[in-house]
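Quick notes on the structure that follows.
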Amino acid sequence: MCGIFAAITQRNIMNILIDGIKKLEYRGYDSSGLAIIDHDNNMVRIRCIGKVDELIRKIQKKKILGHIGVAHTRWATHGKISKANTHPHVSKNIIVVHNGTIENYSVLRIFLQKKGYIFYSDTDTEAIAHLLHWEQNKKKESIEQVIQNSIKQLYGNYSMVVIDKNNPTRLIAARSGSPLVIGLGIEENFIASDQIALLNLTKRFIYLEEGDIAIIKKKEINIFNKKNFKIKRKETISNIKYKSIKKGKYSYYMEKEIYEQPASIRNTLKNRVQKNNTIYFSELQFKKKNLLYYAEHIQMVACGTSYHAAMVSRYWFEAFAKIPCDVEIASEFSSRKIAIRKKSFLITLSQSGETADTLSALRYSKKFGYLGNLTICNMEGSSLVKESDSYILTRAGIEIGVASTKSFTTQLTVLLMLVAQIAHFKKENKIAEKIIETLHILPQRIEEVLKKNELIKNIAKKLSNKKNILFLGRGEQYPIAMEGALKLKEISYIHAEAYAAGELKHGPLALIDKNIPVIIIAPKNSLLEKIKKNIKEIYSREGVIYIFSDQEFNVEKNIHLVKLPYIEELIAPIFYIVPLQLLAYYIALNKGKNIDQPRHLAKSVTVE
Ligand code: G6P
């Protein structure tokens, strides 16, 4: 949520800043801005509402030369979307970009206004800028000392980068709650909210930890931990290829990411199945000895698409690994008093590993005596990975489209592998082996369903002008219906709701008429007969039905069959989400929406 990019360079900085902030646009795109200290030691600040392209247009006319600067792309929290609220915020010589929310900002604002500061924006960030200026002038200290002392007065989540125009030889970065990663260059250095923005500049990274303050100069970086001790943080070399973050032949990242799913799943499975048909995750090192396997209950916590993946896995954990499992939305979990089940183990799921609600849920869970915790995550250096006892990587590769696709199917793949592993441990060998065998076929099956794109395109044409769409599923296809509805809402802005098909008669049936299409996921499984009954109930009330199935159905007026290839029951949920992703994609395309950057949303939600 909000992207920060800053650099101190040998080369002229402008293109580097623009390029960096453009790559972080997925974190928020309400407005964007940058500030550079130019060769005459003037601050040049350019800000505008809208996407980074607007900023680029504005800058094209100007020739600005400089070697230190900060840039920001905003997802509005404090204050509406306006130029005045766009970062960087300035207090005389102090320039700040910030990601997060300062909870006590109104108190600070009143205090600073009394000291004579004028606020030009409604943001909490401007309060940080004035606070730093006030403290610096009071104590006549260097900006790094001021930051070290003043951040104690800030309550909330933040990561920020500051430039002191009076000494433009360094960037000062502070991390508390939101990620920041330093990119190491040759006699130049960079810092950003995500390494994606840095991959074309360097392969060498240092992730800041909670409470760290970094002073970044061209040739030197010093980091201080929350106790103000100078420390060395580990340097990591990224093996992510810059090429992998380009759209290539695709129109949108979401399209690319949908089509990448067979490859991502292959990567997720790679080297994890042992010769004796057991599963081994090399990164899964428990601090406490393998407590997951002795757990009598699993508590899963996640948000958005990751929550839907957790919901699917609940069916698998209980049916195949014989372990009771509950799933809860992270923001709900951390806002209620928990009565923890006996010998319960916590699993969090997150693509980014930075979702504030999921992180708070993990932190909150530590008060309750869970046997241990594990995160299933796509980002190795992320906060969730760092703060969890153990982790498994989904290996989806970088996902840029705001609507998650490949991260969902790889999460499900990991979850099914984990279920097989626990099933093995519990001597449920037959099912464990069956799962492993079936998982091998999964990438090929996804390839087969992706070939149905023309069929889905035609259905999309019929549905693009609808105002409301219902999605129904039963069993583990119910969360798939939820995920299908979420995809559609997110990118096409069509109101879509999902129900467990059995719930239809308890309310939603009242909605049925010829204007609300109903998408029903009906693969061959033990629930098919029940689903057929639901179809009849809708049909006899003149509902318009689209059945996604590998089975034959009597196609009558108002009943459309979207005939899909055969799929093994065990992996059917991972398979059935793919046509629903395509459906949402083509509908949004028909409606001319900005698919990768849907309005009001951001990929990584780092505020609660
Ligand atoms: C945001 C994104 C969703 C994502 C959710 C959870 O809302 O727009 O696509 O599913 O966050 O994100 P996580 O990174 O924790 O999986």
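As the structure lists them, so they are numbered: ligands from 1, and atoms in each ligand from 1. The model shown is predicted, which means the values in this text are computed figures rather than measured ones. For the numbers below, each heavy atom of this structure counts, side chains included, while hydrogens, waters and symmetry mates do not.
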Just which atoms of ligand 1 are under 4.0 Å from any heavy atom in [X]?
X: Gln351; result: 13 (P), 14 (O), 15 (O), 16 (O)
X: Ser306; result: 13 (P), 16 (O)
X: Ser404; result: 9 (O)

May I ask you to check whether Ser352 has an N/O atom sitting below 3.5 Å from an N/O atom of ligand 1?
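Indeed, backbone or side chain, Ser352 has an N or O that close.
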
Please report whether ligand 1 has a polar contact with Thr358, defined as an N or O pair separated by less than 3.5 Å (distance criterion only).
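No.
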
To the nearest 0.5 Å, what is the distance between [atom1] on [X] and [atom2] on [Y]?
X: Glu483; Y: His308; atom1: CD; atom2: NE2; answer: 6.0 Å
X: Ile298; Y: Phe317; atom1: CD1; atom2: CZ; answer: 4.0 Å
X: Tyr105; Y: Thr125; atom1: OH; atom2: OG1; answer: 10.0 Å

What's the shortest distance from [atom] to any protein heavy atom, and which residue and atom give it?
atom: atom 6 (C) of ligand 1; answer: Cys303 O, 3.5 Å
atom: atom 11 (O) of ligand 1; answer: Lys603 O, 3.7 Å
atom: atom 15 (O) of ligand 1; answer: Thr355 OG1, 2.4 Å
atom: atom 8 (O) of ligand 1; answer: Ala602 O, 3.0 Å
atom: atom 7 (O) of ligand 1; answer: Val605 CG2, 3.8 Å
atom: atom 10 (O) of ligand 1; answer: Thr305 N, 3.0 Å

Checking side chain to side chain contact (heavy atoms under 4.5 Å, CB included) between Cys48 and each of Thr86, Leu55, Ile56, which is the one that passes?
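Among Thr86, Leu55, Ile56, the one meeting side chain to side chain contact (heavy atoms under 4.5 Å, CB included) with Cys48 is Leu55.
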
Lys/Arg-Asp/Glu bridge criterion (N-O < 4.0 Å) met for Lys51, Glu54
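Glu54 and Lys51: not salt-bridged.
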
Is it true that Val402 lies under 4.0 Å from ligand 1, counting heavy atoms only?
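Under 4.0 Å: yes for Val402.
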
Has Ser407 got any heavy atom lying under 4.0 angstrom from an atom of ligand 1?
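No, Ser407 has no heavy atom closer than 4.0 Å to ligand 1.
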
Please name the pair of heavy atoms, one in Ser390 and one in Leu284, separated by the smallest distance, quoted to 0.1 Å.
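Heavy atoms of Ser390 and Leu284 come nearest at CB-CD1, 3.9 Å.
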
Going by atom types only, do Tyr158 and Asp124 share a side-chain donor-acceptor pair under 3.5 Å?
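Distance-only check fails for Tyr158 and Asp124.
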
Do Ser383 and Arg175 meet the criterion of a side-chain donor-acceptor pair at a distance under 3.5 Å?
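Distance-only check passes for Ser383 and Arg175.
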
Below 30° counts as parallel, above 60° as perpendicular, anything between as tilted: where do the rings of His87 and His72 land?
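Parallel: the ring planes of His87 and His72 meet at under 30°.
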
